[in-house]
Chemist: 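Just passing along the structure, written as structure tokens.
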Amino acid sequence: MREIALATRVKNKDIIEFLHANIRAKLDFCKTIVTNYSDNNFSYLLFACEDNYIEPCETILKEIIIDYIEGIYKVNFIKKLIKNPLCDTLAFNAYVKVLSLFDKGTDESALNKIILFNQTFFIDSFLEFRLLPLKNHWKNLANLSSDNLTLFNSSTFVDIIRFLINTMDNEVYKVKVICDENENFSIYNMKSKNDKIKKIAECHSALELITNVLNSCPNYVDVYLTQDIDSEAVSFLSNVFSSRLKIFTKRVDFCDKS
């Protein structure tokens, strides 16, 4: 049986909580034993798997750590460095998210090479030291952006986001966004035209919806509303994706539409 330990300083236990939630959701098939605990200095996440599941378990664990770095750590890192003239607006946060998606493939390739599970994997020191080459690259990206932001306004941010999205490689064929009666959103994606839809997120805020859709880099977006609602997030996404986004306002079976 293989055992792996992840650790962070107690003040950063939210990282362990993120990893724990995702590990439990994705590693059931590996017949893993997962537990976590804290002492005075560190929070730990421990899991063990049978020998014949070592390789897939380590692959999934690495993917989860990369998801955290790319989806949360990198976004916050870039956001802190950019001199934002518009404060904490929806457009600015979406812009930072799109900026963080650039060179995603390069980042993932580099991270796959340096994330190694030997003894205890100390996440804090990994982020502070092993990640330095990537962080220097992100810093250059943020500085270049900051040099030009003083001329921007909200509409300019949307124009730039649209341009960046249109130049990126599409991750999935289509994203489907379903709004319920309480104006909460469920997001599904189709990796290819004939693929089955897969639920990827539940969203309870405009920013959460926008960042999840942008993160998928879809070719097309379908939005299903059970009634006419004035949604800031849907309007924003419609501006970004233009003719690639369709809105359906009648009660329809979204599973039947491709």
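Numbering starts at 1 and runs along the sequence shown.
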Chemist: With a cutoff of under 4.5 Å between side-chain heavy atoms, which Ile, Leu, Val, Met, Phe, Trp and Tyr residues group with F42?
Modeler: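 Grouped by the 4.5 Å side-chain rule, Y37, Y44, L46, F122 form the rest of the cluster around F42.
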Chemist: Go through the structure and list residues passing ring pair (Phe, Tyr, Trp, His ring centres under 6.0 Å) with F241, not counting sequence neighbours.
Modeler: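 Counting only residues at least two positions away or on another chain, F241 forms no ring pair (Phe, Tyr, Trp, His ring centres under 6.0 Å).
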Chemist: Does some side-chain heavy atom of I65 sit less than 4.5 Å from a side-chain heavy atom of F121?
Modeler: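 Of all side-chain heavy-atom pairs linking I65 with F121, at least one is under 4.5 Å.
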Chemist: Would you say K246 and V223 make side-chain contact, with heavy atoms under 4.5 Å?
Modeler: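 The answer is no, as the side chains (C-beta and beyond) never meet within the 4.5 Å cut-off.
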Chemist: Heavy atoms, side chains only, cut-off 4.5 Å: are N93 and T211 in contact?
Modeler: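 Sidechains of T211 and N93: no contact.
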Chemist: Measure across K135 and L127 and return the closest heavy-atom pair with its distance rounded to 0.1 Å.
Modeler: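 So the two residues come closest at NZ-O, 3.0 Å.
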Chemist: Any idea which heavy atoms bring S238 and L245 closest together, and the distance?
Modeler: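 Shortest heavy-atom separation between S238 and L245 comes out as N-CD1, 3.9 Å.
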Chemist: Could you tell me the separation between the NZ atom of K139 and the CG atom of L134, rounded to the nearest 0.5 Å?
Modeler: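 It is 12.5 Å, given to the nearest 0.5 Å.
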Chemist: With rounding to the nearest 0.5 angstrom, report the CD1 to OG distance, I165 to S242.
Modeler: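 Separation between the atoms: 11.5 Å.
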Chemist: Would you find a donor on one side and an acceptor on the other, under 3.5 Å apart, between the side chain of D195 and the backbone of K191?
Modeler: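 Checked: pair present.
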Chemist: About how many Å separate CD1 of I115 and CD1 of I64, when rounded to the nearest 0.5 Å?
Modeler: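 Nearest 0.5 Å value for the CD1-CD1 distance: 11.0 Å.
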Chemist: Side chains of V172 and N219, heavy atoms from C-beta outward: is any pair under 4.5 Å?
Modeler: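 Contact flag for V172/N219 side chains = no.
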Chemist: With ILVMFWY side chains joined below 4.5 Å, transitively, what does L116's cluster contain besides itself?
Modeler: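 Reading the cluster by chain and number, L116 sits alone, since nothing else belongs.
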Chemist: Counting only heavy atoms not in K104, do more than 12 fall under 6.0 Å of its NZ?
Modeler: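 Enclosed.
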Chemist: Partners of N189 by side chain to side chain donor-acceptor pair (under 3.5 Å), sequence neighbours excluded?
Modeler: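 In terms of side chain to side chain donor-acceptor pair (under 3.5 Å), with neighbours along the sequence ignored, N189 is linked to no residue.
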Chemist: Identify, with sequence neighbours excluded, every residue that meets side chain to side chain donor-acceptor pair (under 3.5 Å) alongside T59.
Modeler: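 With neighbours one apart ignored, the set is empty.
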Chemist: For the residue pair N166 and R244, establish whether any side-chain heavy-atom pair is separated by less than 4.5 Å.
Modeler: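 Heavy-atom side-chain distance check passes, below 4.5 Å.
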Chemist: Give a yes or no on whether D169 atom CG has more than 12 heavy-atom contacts from other residues, nucleotides or ligands under 6.0 Å away.
Modeler: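 Counting other residues, nucleotides and ligands, CG of D169 stays at 12 neighbours or fewer.
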Chemist: Would you give the length of the straight line joining atom CD1 of I60 to atom CG of D67, rounded to the nearest 0.5 angstrom?
Modeler: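 Answer for the CD1-CG pair, I60 versus D67, is 11.5 Å.
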Chemist: Indicate yes or no: at least one non-hydrogen side-chain atom of C203 is less than 4.5 angstrom from one of I187.
Modeler: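 Yes. Closest side-chain heavy atoms under 4.5 Å.
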Chemist: So which heavy atom on C179 is nearest to which on L225, and how close?
Modeler: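 In terms of heavy atoms, the two residues are closest at CB-CD2, 3.7 Å.
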Chemist: Tell me every residue that passes ring pair (Phe, Tyr, Trp, His ring centres under 6.0 Å) with Y73, counting only those two or more places apart in sequence or in another chain.
Modeler: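 By the ring pair (Phe, Tyr, Trp, His ring centres under 6.0 Å) rule, Y73 matches no residue at all.
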Chemist: Would you say the side-chain atoms of W138 and D103 include a donor-acceptor pair closer than 3.5 Å?
Modeler: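 Absent: no donor and acceptor within the cut-off.
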Chemist: Quick one: closest heavy-atom pair of I210 and A94, and the distance?
Modeler: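 So the two residues come closest at CG2-CB, 4.0 Å.
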Chemist: Determine whether V177 and Y188 make a side-chain contact, defined as any pair of heavy atoms from C-beta on separated by less than 4.5 Å.
Modeler: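 Heavy-atom side-chain distance check fails, nothing below 4.5 Å.
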Chemist: Does F102 have any ring pair (Phe, Tyr, Trp, His ring centres under 6.0 Å) partners at least two apart in sequence or in another chain, and if so, which?
Modeler: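 Checked F102 against ring pair (Phe, Tyr, Trp, His ring centres under 6.0 Å); zero matches.
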Chemist: Test of understanding: with ring pair (Phe, Tyr, Trp, His ring centres under 6.0 Å), list the residues that count as partners of F236, not counting sequence neighbours.
Modeler: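 Partners of F236 by the ring pair (Phe, Tyr, Trp, His ring centres under 6.0 Å) criterion come out as none, since no residue qualifies.
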Chemist: Answer yes or no: does atom OH of Y220 have more than 12 heavy-atom neighbours from other residues, nucleotides or ligands under 6.0 Å?
Modeler: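 No - once you tally the heavy atoms of other residues, nucleotides and ligands closer than 6.0 Å, there are 12 at most.
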Chemist: Mind checking side chain to side chain donor-acceptor pair (under 3.5 Å) for S231 and listing every partner two or more places apart, or none if nothing turns up?
Modeler: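 Partners of S231 under the side chain to side chain donor-acceptor pair (under 3.5 Å) test: none.
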Chemist: Drop me the distance from M190's CE to Y173's OH, to the nearest 0.5 angstrom.
Modeler: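 Output value for this atom pair is 6.5 Å.
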Chemist: Return the set of residues passing side chain to side chain donor-acceptor pair (under 3.5 Å) with K199 (not counting sequence neighbours), or none when no residue passes.
Modeler: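 Side chain to side chain donor-acceptor pair (under 3.5 Å) list for K199, sorted by chain: E202.
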Chemist: For the residue pair K79 and F92, what are the closest heavy atoms and their distance?
Modeler: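 What the structure gives for the nearest pair is CG-CE2, 4.0 Å.
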Chemist: According to side chain to side chain contact (heavy atoms under 4.5 Å, CB included), who are the partners of S100, at least two apart in sequence or on a separate chain?
Modeler: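 Scan of S100 (side chain to side chain contact (heavy atoms under 4.5 Å, CB included), adjacent residues dropped) gives K74, V75, I78, K97.
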Chemist: Given the rule in the side chain to side chain contact (heavy atoms under 4.5 Å, CB included) test, do N22 and E63 qualify, once you have shown the distances and angles that lead to the verdict?
Modeler: CA-CA 10 Å; N22 283 276; E63 289 173 353; over 6 Å; no
Chemist: Evaluate the side chain to side chain contact (heavy atoms under 4.5 Å, CB included) criterion for residues L209 and L237: first the C-alpha distance (whole Å), next the side-chain angles of each, then the deciding distance (0.1 Å), finally the verdict.
Modeler: CA-CA 9 Å; L209 172 59; L237 290 170; 4.3 Å; yes
Chemist: I'd like to know whether F126 forms a side chain to side chain contact (heavy atoms under 4.5 Å, CB included) with L131, so could you lay out the CA-CA distance, the side-chain angles of the two residues, the decisive distance to 0.1 Å, and finally the verdict.
Modeler: CA-CA 6 Å; F126 178 85; L131 215 57; 4.0 Å; yes
Chemist: Mind running side chain to side chain contact (heavy atoms under 4.5 Å, CB included) on N215 and L101 for me, showing each step along the way?
Modeler: CA-CA 7 Å; N215 193 56; L101 294 174; 3.3 Å; yes
Chemist: Counting only pairs under 3.5 Å, give me each side-chain donor-acceptor contact of residues 6-19, with atom names and distances, residues two or more places apart or in other chains.
Modeler:
from : atom 1 : to   : atom 2 : distance (Å)
T8   : OG1    : N12  : O      : 3.4
R9   : NH2    : E128 : OE2    : 2.5
N12  : ND2    : D124 : OD1    : 2.8

Chemist: Check whether any side-chain N or O of K174 sits under 3.5 Å from a backbone N or O of P218 as a donor-acceptor pair, and report yes or no.
Modeler: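 Absent.
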Chemist: Looking at CG of D159 and OH of Y95, how far apart are the two atoms once the value is rounded to the nearest 0.5 Å?
Modeler: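 Answer for the CG-OH pair, D159 versus Y95, is 12.5 Å.
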Chemist: Side-chain contact, heavy-atom cut-off 4.5 Å: L99 with L141?
Modeler: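 With C-beta onward as the side chain, the pair touches.
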Chemist: Has the side chain of E58 got a donor or acceptor atom that lies under 3.5 Å from a matching backbone atom of I54?
Modeler: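 No; zero donor-acceptor contacts below 3.5 Å.
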